[in-house]
Amino acid sequence: MLHYTLRRLLAIIPVLFIVSIIVFMIVHLTPGNPAYLILGEDSSPEAIEQLEQQLGLDKPKVVQYFDWLGNIFVGDLGQSIYSEQAVTQIIVERLGPTFSLMVISMLLTIIVAIPTAIFIVWKRNTVLDPLFLSGSLLGTSIPEFWLALLLVLGLGVSVPIFPVAGYIPITDGLLGWLHHLLLPGIVLAAVEIGLIARMLRDSMLESVNQDYTKTARGKGVKESTVLMKHVFSNALIPTTTVIGVTVAGLLGGTVIIETIFTIPGVGQLLIDSIHRRDYPVIQGVVLFVAFVYVLINLIVDLLYAFLDPRIRYD
Amino acid sequence: MSEPLLEIRDLKMHFPIKQGVFQRTTNYVKAVNGVNFTLNKGETLGIVGESGCGKSTLARTIVGLLKPTSGDILFEGESILQYNSKELHQLRRDVQMVYQDPYTSLNPRMRAGDIIAAPLKAYNQSNNLRKRVLELMELVGLKADDYKKLPHQFSGGQRQRIGIARALALNPKLIILDEPVSALDVSVQAQVINLLEDLQEELGLTYLFIAHDLSVIRHISDRVGVMYLGKMMEMSDSESLYKNARHPYTNALLSAIPLPYPMKEKKRERIVLKGELPSPSNPPSGCVFHTRCPFATEFCKGNVPTLDEGNDAGHFVSCFYPIENKQEEFARQ
Amino acid sequence: SNGSSSEETGEGNSAAEEKQTGGTLDVAYTSEPDTLDIMSNASSPTRDIAWHIFETLVALDKDFAVKPMIAEDYSASDDQKVYTITIRDDVNFHNGTTVGAEDVVASIERWRLVSSVGKVASEYIEDVKAIDELTVEITLNEVYNGLLDDMAAPKTGLAIIPKEIAEEAGEKPLVPEQLIGTGPYQFEKWERGNEIVLTRFDDYSQREEADWGGLTGKKEAILDQINFLIVKDPQVKLNGLKTNLYDYAQNIPTDLYEVIETTPNINPVTYINGYSMITPDKSEPPFDDLKVRQALHYALDKEAIAQSTYGNEEFYEMDGALFDPTQTELYTAEGTDTYLEYDPEKAKELLNESDYNGEPITIMYSNNNEAYKRISQVAEQQLEEVGFTVELEPYEWATYLEKWQEPHNWDIVVIGYSTRFSPNELGFLVQDTGSSGWYNSERWSELMTQWGLAASSEERQKILKEMNQTVYDELPFLKVANETTLDIMSDEIQEYDAWIGPRFWNTYKNE
Amino acid sequence: MLEVKNLKAHIDTPDGVVKAVDGVSFIIKPGETVGIVGESGSGKSVLAHSIMQLNPKPPTFYPQGEILFEGRNLLQLQEKELRKIRGNDIAMIFQDPMSSLNPVFKVGEQLMEAILTHHHMPKSKAKQRAIELLKDVGIPDPEKRMNAYPHQFSGGMRQRVLIAIALACNPKILIADEPTTALDVTIQAQILELMKNIQEKYGMAIIIISHDLGVIAQIAEKVLVMYSGRIVEKGNVEDIFFHTSMPYTWSLLRSLPRIDSESRERLLNIEGQPPNLIHPPSGCNFHPRCPFATEQCKLIDPELTKRSSNHFVACLLSEVEFKEAKRLMENVEQEGDLKHV
Amino acid sequence: MQEFYNFLDNKKGDVFMLRRKRNLIPFVFLILLFLATMTATWWLPVSPSFMDSSLRLMAPSAEYWFGTDHFGRDIFGQTIIAARVSLLVGFTVAALSTIMGTITGLIAGYYKKLDSIIMRIIDGMLAFPSLLLALALVAALGGSVTNIIIALTFSFWPVMTRVVRSSVLQVKNIQYVEAAKTSGIKDPVILSRYILPNVMSPIIVQGTFIFARSILAEAALSFLGVGVEPSIPTWGNMLQEAQIYITTAPWFSIFPGIFIVVTVLALNILGDGLRDAFDPYAKGKKKVKKQMFKQRKQYAS
Ligand SMILES: Nc1ncnc2c1ncn2[C@@H]1O[C@H](COP(=O)(O)OP(=O)(O)OP(=O)(O)O)[C@@H](O)[C@H]1O
Ligand SMILES: Nc1ncnc2c1ncn2[C@@H]1O[C@H](COP(=O)(O)OP(=O)(O)OP(=O)(O)O)[C@@H](O)[C@H]1O
Ligand SMILES: [Mg+2]
Ligand SMILES: [Mg+2]
């Protein structure tokens with residue numbers, strides 16, 4: 001296992017390398033040019049050429065790539081074309097809100113999805129089950145902005161319990177932080193709850209009639225414990241996978257939620273940078289997200305072996 | 001003597017024991033620890049032994065599900081460990097296995113008929129598939145309307161029969177049967193054993209038959225091997241073994257057979273093995289049986305016996321003090 | 001109505017109340033500027049925030065007339081080639097120094113380098129020099145009557161910054177530490193993606209003229225602090241105002257006007273914001289043919305387009321002139337008679353006469369703006385009715401900008417231009433560029449030359465009328481409608497005047 | 001102590017209702033051992049699960065009958081009360097050792113769960129008890145093996161774990177569904193010994209289901225013989241083994257391979273197909289395969305009738321008729337054999 | 001023997017999932033929706049693209065069942081027509097990512113050697129925002145539904161791969177897979193007949209999720225100019241456009257919203273039916289309930 005972990009950690013390097021090539025290519029092949037953007041609608045070609053030169057965009061792409069790559073190796077992701085801030089610093093700044101949002105929504109998701117799934121499996125032969133099914137589907141098929149607006153209109157405007165937008169870092173007070181993040185957290189969670197509770201319910205239903213549950217029931221274990229312990233832990237693998245991917249995805253930011261609740265997170269950063277063709281920032285963010293994905297997926301993979309001892313990697 | 005079909009040479013299968021967060025290997029379970037034997041064409045070798053002594057592991061290693069730690073497995077003179085996947089595929093047509101566990105060895109989402117048909121399809125023997133499957137099902141005592149039932153709708157014994165039918169489907173040369181009849185009622189058991197014997201006669205099949213029921217073993221086997229803690233303790237033709245068991249472990253085993261005679265059964269004396277059960281991860285030194293052997297001496301603790309042919313030809317025993325002439329004692333029972 | 005250039009909102013009784021000094025104003029602003037360097041960047045976000053920080057020598061008043069700002073006075077020599085500008089003696093920079101002639105010279109030099117307007121003016125400038133501490137002299141190489149207009153341009157105008165900074169920055173945009181101006185508010189901090197904070201500049205040197213308005217005259221910083229929060233979503237802005245999270249929100253879809261009207265504590269703010277237009281590519285078939293452009297003109301029912309696009313009649317105005325009616329110096333309705341002629345039959349006829357054979361034409365637009373999208377959609381339908389085959393190609397802004405440069409990428413673009421203050425600034429008519437759809441017209445070039453030489457108001461009016469006429473004769477673009485921007489503000493804000501964009505001096509909050 | 005009255009347990013399937021247990025009655029007294037034998041698929045496990053109320057509902061349902069434990073009908077008990085009984089008063093050793101252990105929990109945890117469910121005690125004590133139990137059932141190196149996962153155990157070892165789980169709370173009734181199939185004879189003997197000891201100590205009643213008639217002979221006092229969801233014969237061991245008067249039981253006993261027999265002698269088995277439990281045969285269920293069946297057997301479904309004080313048989317043949325038929329049959333067979341020789 | 005075959009022949013033809021009413025209703029709904037949208041141009045009374053600025057944002061009425069939008073178009077017609085692209089995108093993306101994800105997931109989970117390679121590529125793919133991908137594709141190939149489908153498939157597929165792989169890792173250790181191997185059954189068959197059916201349920205859950213999300217994601221991409229022409233309505237971009245009218249003209253967003261939800265629901269029920277077809281335990285519940293009910297009555301009396 002140690003061996004496997006080390007191997008996987010080493011594998012991060014080639015993955016990031018390939019990602020770096022592809023993101024560089026994609027970013028630079030996409031039409032749009034920061035020089036046009038900076039100079040605006042009625043700029044002259046000469047001015048644009050001049051600016052490109054200034055930004056180093058006139059160099060051959062290969063050279064640009066290797067310049068960038070060389071700097072990555074010394075931990076420098078470059079500078080934003082616009083703010084001239086270091087990309088690493090920008091990402092770090094934006095990570096706070098995104099990470100907070102991720103934590104809140106994931107906690108909400110887990111707190112709601114898991115008990116719901118267990119409860120539904122418990123009541124699997126009642127009318128609650130189809131009701132739950134429709135509910136979870138509603139969660140997954142309702143557009144986020146809709147839900148966000150409904151919640152904001154309800155709990156932000158009509159009954160002003162929550163602020164309708166904004167973000168307060170946790171360092172400025174836990175309560176304020178939570179207060180601002182709860183609504184966006186709920187919206188994000190709604191989609192995930194739908195998926196994860198569904199996933200869990202279905203996996204649990206798969207194992208609810210396995211022989212070992214009979215053994216547990218035969219011991220006199222409570223039905224709820226049978227479900228929560230025996231069935232649940234056998235059904236966790238796909239759910240964990242989805243949670244892993246979601247967490248990693250959330251760390252890449254969610255544009256819609258961040259926009260609607262004006263949370264200055266990575267998602268907005270990425271979309272703004274794409275709109276602005278802030279190449280170093282886009283590249284940096286994608287590389288960072290790739291890193292997060294690889295790392296979280298590694299953790300999830302290692303978790304599998306703990307969740308199901310039959311799974312072995314070596 | 002007919003030619004050897006399967007040869008096992010000093011086979012060892014050790015499972016790592018892992019511990020800690022990083023699952024480091026701290027020790028090994030020596031499930032099979034140096035087993036040698038030869039199985040001839042058309043022969044039935046019965047394997048008995050203590051539960052957990054490595055019988056299933058041995059079987060799983062032979063069919064290539066486990067990669068042995070060391071040793072060699074020769075099938076028709078060729079080492080199967082070096083086989084590539086194509087050769088392995090060919091081999092599997094000749095070597096089939098019936099699993100000890102009738103529940104988990106059947107795909108819960110396949111119908112019984114399809115389970116039995118699967119190996120036939122794998123080797124493109126699809127003409128008259130249904131007919132063949134129904135024949136097989138009838139052979140093992142399943143009804144035609146069981147064809148489309150799913151495994152969980154069968155009782156334990158019925159599932160075991162599906163497994164047997166599946167192994168028989170391809171008319172393999174060697175069938176490894178890991179406790180194939182323990183879940184069957186005696187009538188079906190008789191039916192299956194008769195079937196196996198008939199098939200052997202007709203097609204010259206070879207069986208490696210693992211069971212706990214010594215009566216069954218005796219009935220079906222030409223030769224019997226007795227295993228203990230990953231090692232072969234005694235091996236001989238079955239007549240000789242049952243009449244003249246030479247290893248103290250075999251002896252204890254035979255004495256423990258429950259007999260279907262209630263009066264006798266309640267009076268009977270048994271040899272009860274004393275002592276701690278040894279662990280396969282930390283086997284006793286010397287003769288592995290010495291901790292529980294009624295005849296063990298200091299010598300047994302320090303020296304490892306080998307499987308040797310004694311006075312009886314073909315009767316091998318791995319003991320420094322084999323029991324001689326047990327015939328009378330046995331007869332008394 | 002939006003007929004007047006500045007709109008005083010707020011309830012009548014509020015004026016009587018005591019001004020409340022201090023307080024923080026939270027402004028929900030739609031898009032984050034790339035930079036706050038008002039000289040080099042012509043975008044509205046840059047302008048709207050930076051004009052609190054920077055001031056120009058001369059500036060436009062509420063009627064768009066040039067008035068002194070940092071300048072005390074200015075005069076031109078008789079041959080109109082030498083401008084002498086004197087500076088007020090008490091104007092403080094945010095870094096504590098006072099504006100001197102050297103600073104102005106350095107700022108002009110930088111302006112000539114980085115400002116798109118400055119670059120135009122630069123061609124006429126021979127020399128700039130400081131005569132004494134507070135006097136600057138600009139010598140031109142030929143008569144150019146646009147100089148003061150250019151310097152006063154609200155976008156990329158001549159902002160005065162300290163000499164060291166001007167020299168240090170050179171062509172590069174100003175970085176946050178270099179944002180030192182003379183305005184009533186000074187730059188405090190900028191959290192990218194989140195907010196820009198301005199605070200009151202206590203040593204601000206006011207002008208006295210309370211009635212000038214616009215970007216000059218008396219500016220009083222009453223609020224302690226202004227936070228420009230980056231808020232993109234209109235619903236959020238609205239809800240934020242309802243719940244007092246924001247005091248002011250910029251750029252609300254006009255479709256939400258009804259909601260705003262019925263919400264008690266929110267007041268609408270409106271101001272002119274240029275116009276939207278449909279520009280054909282005149283370098284290639286089919287629109288190189290004037291007949292096809294005429295067909296285009298007759299095919300479009302601009303009123304219907306405007307109604308679908310802007311919804312509420314309060315927010316658009318069907319006026320065909322190059323400038324806004326509120327720009328009294330520049331506006332003339334003459335020459336625009338054909339603006340609203342809608343005649344699909346005639347369009348079909350013209351199309352039949354032309355070489356156009358139903359090959360698909362591409363309408364390209366940037367979908368960062370809802371209005372362009374809607375105009376394109378309605379236009380598509382109207383054009384197809386007369387026999388055009390139309391394809392819509394929406395792009396996001398950056399892609400759009402790049403595609404715009406190449407004639408083969410598009411046949412028509414739909415775009416809008418914010419209010420301009422001189423024919424020099426009409427980017428959509430600059431000869432032979434992508435933004436004008438490769439407009440090549442001797443007639444127009446001639447008019448532009450005349451404009452540079454015209455000195456009197458009458459002369460200018462004549463030229464402007466001719467300009468309108470030219471546009472309707474040659475159809476380089478088709479004007480859709482004048483746009484009005486809708487902002488909203490809390491009723492706590494008093495004596496607020498938006499002019500052409502949000503400005504927060506002379507205003508205060510009454511809580 | 002436990003009385004099963006005319007119990008029916010049916011299973012709903014797409015093809016029809018499987019009458020897995022179809023009217024079974026018996027009584028068990030404390031300290032008694034009852035063996036259940038019968039054809040594979042005859043409903044033994046379903047019966048055992050019914051007593052534990054562990055058949056999944058749906059598809060199983062109980063159209064009729066009562067299971068009285070200490071006077072209470074288990075079929076009507078609340079889940080909560082059932083829970084108190086399960087594991088504590090009635091414990092079960094499940095037939096399949098492979099899938100009956102939860103693959104993701106350590107063996108030790110599963111064993112401790114059985115103890116902790118009914119007894120409040122510190123974990124360390126439960127652990128102690130668990131180790132003892134493992135030792136009792138003959139798992140070597142129990143401290144270490146507590147930490148192993150089921151897949152690391154051999155079949156027999158898992159079976160022993162299941163036995164340990166069932167014995168954990170010294171139940172009043174132990175239902176053992178083929179508890180020793182995967183065990184070698186020495187360990188089997190040890191386990192049976194263990195069960196007997198506990199029985200003697202606590203007066204535990206045992207219901208043991210087994211195909212191994214030797215095991216039944218060794219441990220059971222009373223025997224029930226099941227065929228297609230019904231009890232066809234019940235009585236003391238001796239009655240069943242020596243005074244069999246039911247053709248099915250008789251055939252069953254004849255199918256046994258004997259340890260003392262010559263190897264390769266052909267084993268006898270019951271001809272024909274096991275009955276269809278959805279549409280059971282008319283009359284006596286066994287008639288299609290019964291060597292002595294008469295026309296009557298096709299029509300009349302025999303009741304369990306008393307033969308001697310404790311011996312009940314469901315057969316239309318009287319004891320005398322049966323003996324006669326048996327003798328005739330054996331003669332025929334011997335003649336047949338002679339011909340072959 | 002002969003009677004065996006006869007017996008089987010009578011029972012031939014498995015219980016196809018559509019025999020159940022529960023599965024039939026959503027199936028019929030989807031078919032009707034499909035037919036309706038394909039033939040809409042013939043039967044809709046008002047052309048759905050007909051704009052009339054004087055009819056803007058009218059509430060639902062007898063003439064305009066679902067009301068009108070900001071161009072004065074009939075929302076009912078729009079919603080029906082919108083199903084074309086939305087269903088196309090939803091189905092194709094869900095189908096493609098499910099198929100590709102399942103294949104890659106099966107292979108990665110089953111073959112240890114390929115696992116590390118495939119999963120590293122998948123990790124890399126996961127990192128790419130679909131928006132960036134879509135932008136690049138539009139740049140390379142021009143804007144179209146195809147590009148949306150490709151971009152979305154690329155972003156949903158890796159998730160499916162991970163989900164499938166994780167279940168495969170678990171299932172492949174169960175003995176029936178070993179048993180199949182020793183029966184000489186070839187890997188493709190093991191994967192498709194032994195492993196796949198046993199990992200079906202997460203696939204179905206994830207698949208329907210992808211369907212729902214891709215309909216919505218299409219809109220997000222359209223909004224960024226990498227989508228279909230705005231004059232071709234889709235449920236997603238209808239919702240997007242309706243966003244600012246949510247309080248003033250709620251019908252504008254509610255109707256396309258309902259269609260999305262109902263379609264996803266229908267698809268999901270079908271998916272469940274499909275899974276039940278694989279699930280040995282899920283049969284005959286209904287009948288039993290009836291019987292249990294009867295039984296309870298008996299007890300009561
Ligand atoms: N879920 C089910 N669906 C349909 N039929 C079932 C189901 N479970 C059991 N059966 C049927 O019920 C009958 C009784 O099964 P049971 O498991 O009780 O047999 P058993 O007597 O324990 O046999 P064995 O000794 O082989 O374990 C069998 O014929 C079996 O096919
Ligand atoms: N995957 C594994 N990991 C670790 N140990 C294992 C594994 N599989 C088997 N063992 C151990 O190997 C030993 C032999 O097991 P095996 O299954 O071969 O026994 P067996 O002789 O078949 O016993 P039984 O008759 O009870 O089935 C046991 O101690 C078991 O715990
Ligand atoms: Mg075994
Ligand atoms: Mg059973």
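First the proteins, then the strands, lettered A, B, ... as listed; each starts at 1.
Nearest heavy-atom pair, B:His212 versus D:Asp184, reported as atom, atom and distance to 0.1 Å: ND1-CA, 3.1 Å. Across every non-hydrogen atom of B:Leu199 and B:Tyr207, the tightest pair is CB-OH, 3.7 Å. The nearest pair of heavy atoms linking B:Pro278 to D:Pro140 is O-CB, 3.0 Å.
Of the N and O atoms on the side chains of D:Ser228 and D:Asn285, at least one donor lies less than 3.5 Å from an acceptor on the other residue. If you check the side chains of B:Arg161 and D:Ser40, you find a donor sitting under 3.5 Å from an acceptor.
Of the two parts of D:Ile139, only the backbone, made up of N, CA, C and O, holds a non-hydrogen atom closer than 4.5 Å to a non-hydrogen atom of chain B. Using a 4.5 Å cut-off between heavy atoms, B:Ser281 contacts chain D through its side chain alone, with no backbone atom that close. For chain B, no part of D:Gln152 is nearby; none of its heavy atoms comes within less than 4.5 Å. Of the atoms belonging to B:Phe154, not a single heavy atom falls under 4.5 Å from chain D. When heavy atoms are compared at a cutoff of 4.5 Å, D:Arg158 does not approach chain B at all. Looking at D:Leu252, both its backbone and its side chain come within 4.5 Å of chain B, counting heavy atoms on both sides. Only the backbone of D:Pro275 comes within contact range of chain B, with at least one heavy atom under 4.5 Å from a heavy atom of that chain. Using a 4.5 Å cut-off between heavy atoms, B:Val29 contacts chain D through its side chain alone, with no backbone atom that close. Heavy-atom distances place both the backbone and the side chain of B:Leu253 under 4.5 Å from chain D. Contact of B:Asn282 with chain D is not made at all, since no heavy-atom distance falls under 4.5 Å. Within the 4.5 angstrom heavy-atom criterion, no atom of B:Arg159 approaches chain D.
Note on B:Cys53, B:Gly54, B:Ala252, B:Gly49: by heavy-atom pairs under 4.5 Å with chain D, the leading option is B:Gly49. In terms of heavy-atom pairs under 4.5 Å with chain B, the best-connected choice from D:Leu183, D:Leu192, D:Ile240 is D:Leu183.
A salt bridge is absent between B:Glu138 and B:Lys143; no separation between the charged side-chain nitrogens and carboxylate oxygens falls under 4.0 Å.
Here B:His247 and B:Tyr228 keep their ring centres 6.0 angstrom or further from each other.
Ring orientation note: the planes of D:Phe61 and D:His10 are nearly perpendicular, at an angle over 60° on the 30°/60° scale. D:Tyr227 and D:Phe286 have perpendicular rings, their planes meeting at more than 60° on a 0 to 90° scale where under 30° would count as parallel.
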